[in-house]
Amino acid sequence: MAHYDLLTGLPNRAHFVERLRNLMARTVQTNEFLVLIYMDLDDFDVINDKFGHTIGNGILTTTASRLNLVLREHDMLARLDGDAFIAVLVRAGNTVDFDVPINQFLTIVARPVQKILGEVHRVSASMGVTFYPQHETVDVDQLLRQSEMAMCQAKLAGKCCYRFFDVEQDLYLRGNVATVQELRCALDRDQFVLHYQPKVNLRDGKVVGAEALIRWQHPRRGLLQPAAFLELIESHPLAVDFGEWAIGAALKQRYSWKEVGLDIPISVNIGAYQIQKPDFASRLQAILASHRDFKTGDLELELVETSAIYELTRLAKVIDVCRCLGVNFAIDDFGTGYSSLAYLQHLPIGSLKIDRSFVGDMLEDSTSLPILAAVIRLATDFRLSVIAEGVETPEQGALLLQLGCDFVQGYGIARPMPGHAIPNWAVVWQKRPIWQLEGAHDMHISPPP
């Protein structure tokens with residue numbers, strides 16, 4: 001039980017890691033190389049939901065048996081978890097035939113599995129491939145991460161295919177190891193802070209929330225914007241630590257506001273790497289449990305639309321679980337990615353955020369205004385709230401109101417500020433004349449029909 005998967009009889013993750021480590025050590029004497037193949041069944045959750053776990057388990061055991069047929073004597077196949085399998089092929093140093101078994105894996109998985117409710121059902125797999133040894137020193141965990149990242153690229157490429165890990169990109173990222181290590185140390189030393197940008201309802205002037213934005217209070221370089229460091233860890237396990245820290249810090253700040261009479265929800269950005277981890281919902285639940293004052297609607301998680309989300313069905317289930325915990329979801333930068341309509345169709349979100357690029361050009365660029373109008377109508381049809389980012393002038397605010405978008409944020413409302421400054425800002429904002437009418441009384445802009 002400690003070394004084998006009870007359902008398929010294959011080695012489990014722990015046993016596979018131990019065996020892989022031994023094979024890596026052996027290559028020094030044998031001049032062999034290893035091919036690591038990470039395999040994830042496509043849309044398996046749909047089958048499980050529609051036909052039940054009995055059918056799902058049958059597909060997993062059948063797939064495991066078929067994959068084993070491709071292996072040679074020293075090769076190894078394991079089940080990592082769920083519908084994820086991994087194989088290591090042992091090949092002589094002067095052979096290049098590894099592409100044959102990879103294609104065999106793809107073909108054999110795609111064969112009809114069994115008859116379900118009178119229909120022959122088929123599944124497919126997306127596969128990520130990496131090799132050992134490499135020019136740089138890598139360990140078992142790095143190899144597993146490389147193969148999983150390559151598998152994600154296969155998902156994005158359309159599924160039922162394989163992709164090789166991009167070694168050059170990895171070398172670039174590892175060239176920034178010192179920076180990644182510095183980020184980890186900075187997180188441990190509490191050098192990161194959150195600034196907050198208010199969200200307001202222009203129609204009645206109320207403050208309706210605030211978005212948390214991370215900053216690095218660098219001991220030598222001063223306050224650094226996210227662009228200076230976040231991209232380095234976008235697909236790094238450290239991204240999970242950053243995301244969880246930001247959620248916890250934001251909830252703590254919200255409680256401080258509530259103590260002084262400002263009770264507004266707070267938004268936190270999360271990346272694709274974090275939300276696609278299998279234990280995302282349970283880890284989020286643990287964070288919420290540590291904040292006893294938390295109530296439904298206090299927290300909104302913003303998912304950037306251009307994030308590399310490859311399993312919308314699985315993500316929709318995760319979001320549903322999190323919504324039951326009282327957490328809302330929004331799609332950030334809507335309109336800049338290639339999966340906008342798919343996101344709306346599959347994900348149980350509550351709101352859209354229109355990207356600032358459309359708002360900034362709305363008065364000058366004739367193409368931005370129809371896009372804004374279309375997105376707002378789309379949000380209305382899907383019964384979603386919509387918020388415009390990047391609002392800087394009363395004229396922009398007035399036009400957005402005409403288009404039916406009441407909620408906005410941007411430099412024209414307030415720049416991001418430390419948490420302690422938000423309550424005083426809110427008081428001043430409430431006492432100001434209605435912002436959207438300043439200098440905008442005489443506007444006669446007709447939005448597109």
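Quantities reported herein were computed from a predicted structural model and do not represent experimental measurements.
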> If you apply the rule side chain to side chain contact (heavy atoms under 4.5 Å, CB included), what do you find for Val35 with Val88, and how did you get there?
CA-CA 5 Å; Val35 184; Val88 58; over 6 Å; no
> On the six-membered ring of Phe16, is Arg19 placed so that its NZ or CZ lies under 6.0 angstrom from the centre and within 45° of the ring axis?
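No, Arg19 does not lie over the aromatic ring of Phe16.
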> Strictly by modelled atom types, are Asp40 and Ser126 linked by a side-chain donor-acceptor pair under 3.5 Å?
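Side-chain D/A pair, Asp40 to Ser126: absent.
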> Judged by atom type as modelled, is there a donor-acceptor pair below 3.5 Å linking the side chain of Trp257 to the main-chain atoms of Gly419?
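Checked: pair present.
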> Any side-chain heavy-atom pair from Lys317 and Asp320 closer than 4.5 angstrom?
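Result no, sub-4.5 Å side-chain heavy-atom pair not found.
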> Would a 4.5 Å heavy-atom cut-off, applied to side chains only, mark Pro219 and Arg189 as touching?
no
> Classify the ring geometry of Phe131 against Phe33: parallel below 30°, tilted from 30° to 60°, perpendicular beyond 60°.
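Plane angle between 30° and 60°, so tilted.
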> Shortest non-hydrogen contact from Cys161 to Ala154?
SG-O, 3.5 Å
> How close do Gln430 and Val207 get, heavy atom to heavy atom, and via which atoms?
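Nearest heavy atoms, Gln430 then Val207: NE2-N, 3.8 Å.
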> Please say which of Arg203, Lys199, Lys206 ends up in a salt bridge (charged side-chain N to carboxylate O under 4.0 Å, His left out) with Asp406.
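Among Arg203, Lys199, Lys206, the one meeting salt bridge (charged side-chain N to carboxylate O under 4.0 Å, His left out) with Asp406 is Arg203.
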> Atom OH of Tyr132 and atom CG of Leu23: how far apart are they, to the nearest 0.5 Å?
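Going from the OH atom of Tyr132 to the CG atom of Leu23 covers 10.5 Å.
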> Please give me the minimum heavy-atom distance between Ala414 and Gln197, naming the atom from each residue.
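Reported closest heavy-atom pair: O-NE2, 3.1 Å.
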> Any chance CD of Gln191 has more than 12 other-residue heavy atoms, nucleotides or ligands included, within less than 6.0 Å?
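Yes, enclosed.
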> Give a yes or no on this: more than 12 heavy atoms of other residues, nucleotides or ligands lie within 6.0 Å of atom CZ of Phe164.
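Buried by this count: over 12 neighbours within 6.0 Å.
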> Is any side-chain heavy atom of Ile37 less than 4.5 Å from a side-chain heavy atom of Phe85?
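Result no, sub-4.5 Å side-chain heavy-atom pair not found.
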> Less than 4.0 Å between a side-chain N and a carboxylate O, is that true for Arg314 and Asp83?
yes
> Any donor and acceptor pair, going by atom type alone, linking the side chain of Arg79 with main-chain N or O of Gly82 inside 3.5 Å?
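Between the backbone of Gly82 and the side chain of Arg79 there is a qualifying donor-acceptor contact (under 3.5 Å).
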> Counting only heavy atoms not in Lys258, do more than 12 fall under 6.0 Å of its NZ?
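Enclosed.
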> I'd like to know if Lys353 and Glu300 make a salt bridge, using a cut-off of under 4.0 Å between side-chain N and carboxylate O.
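No, this pair does not count.
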> For Trp216 and Ala186, which heavy atoms make the closest approach, and how far apart are they?
NE1-CB, 3.5 Å
> Calculate, to the nearest 0.5 Å, the distance between atoms CG and SG belonging to Leu183 and Cys185 respectively.
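That separation rounds to 9.0 Å.
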> Report the C-alpha separation of Val327 and Leu288 in whole Å, then their side-chain angles, then the decisive distance to 0.1 Å, and conclude whether the side chain to side chain contact (heavy atoms under 4.5 Å, CB included) test is met.
CA-CA 9 Å; Val327 178; Leu288 300 179; 3.7 Å; yes
> With the side chain counted from C-beta on, respond yes when Val318 and Cys322 share a heavy-atom pair under 4.5 Å apart, and no when they do not.
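They are in contact (side-chain heavy atoms under 4.5 Å apart), so the answer is yes.
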> Say whether, by atom type as modelled, one donor and one acceptor occur between the side chain of Glu234 and the main chain of Ala239 under 3.5 angstrom.
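Checking the backbone N and O of Ala239 against the side chain of Glu234, no donor-acceptor pair under 3.5 Å is found.
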> So, are Asp42 and Lys159 salt-bridged, with charged N and O less than 4.0 Å apart?
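Lys159 and Asp42: not salt-bridged.
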> Could you check Leu384 against Phe334 for side chain to side chain contact (heavy atoms under 4.5 Å, CB included), going step by step and ending with a plain yes or no?
CA-CA 13 Å; Leu384 303 173; Phe334 187 80; over 6 Å; no
> Side chains of Arg254 and Asp263: closer than 4.5 Å at any heavy-atom pair?
yes
> For a 4.5 angstrom cut-off between non-hydrogen side-chain atoms, does Ile214 reach Leu194?
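Ile214 vs Leu194: side chains touch.
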> How many angstroms lie between CD1 in Ile319 and CG in Leu347, if you round to the nearest 0.5 Å?
4.5 Å
> If you take all heavy atoms of Ile102 and Met127, which pair is closest and at what distance?
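It is O-SD, 4.2 Å.
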> Start with the C-alpha distance between Val200 and Val208, add both sets of side-chain angles, then the distance that settles side chain to side chain contact (heavy atoms under 4.5 Å, CB included), and finish with yes or no.
CA-CA 5 Å; Val200 300; Val208 296; 5.5 Å; no
> For Leu303 and Ala272, which heavy atoms make the closest approach, and how far apart are they?
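What the structure gives for the nearest pair is CD1-N, 4.5 Å.
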> Measuring from Asp332:CG to Arg356:CZ, what's the distance to the nearest 0.5 Å?
8.5 Å
> Nearest 0.5 Å please: distance from the CG atom of Leu230 over to the NE2 atom of His236.
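Rounded to the nearest 0.5 Å, the CG-NE2 separation comes to 13.5 Å.
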> Excluding sequence neighbours, so at least two apart, what forms side-chain contact (heavy atoms from CB on, under 4.5 Å) with Val46?
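side-chain contact (heavy atoms from CB on, under 4.5 Å) check on Val46 returns Asp43, Thr313.
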> Measure the spacing between CG of Leu89 and CD of Glu32 and express it to the nearest 0.5 Å.
12.0 Å
> Is the distance between the ring centroids of Phe242 and Phe192 under 6.0 Å?
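Yes, the ring centres sit under 6.0 Å apart.
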> I'd like to know if the side chain of Ser267 pairs up with that of Glu211 as donor and acceptor (distance under 3.5 Å, no hydrogens or angles considered).
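Note: Ser267 and Glu211 side chains miss the donor-acceptor criterion.
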> Quick one: does Gln142's side chain have a donor or acceptor within less than 3.5 Å of a partner on Asp139's backbone?
yes
> Do Thr130 and Tyr38 have side-chain heavy atoms sitting under 4.5 Å apart?
no
> How about Tyr196 and Trp425: are their ring centres within less than 6.0 Å of each other?
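Ring-ring flag for Tyr196/Trp425: false, centres at least 6.0 Å apart.
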> Tell me if a side-chain donor or acceptor on Glu148 pairs with a main-chain N or O of Leu144 at a distance below 3.5 Å.
no
> Check whether any side-chain heavy atom of Phe329 lies under 4.5 Å from a side-chain heavy atom of Ile275, and answer yes or no.
yes
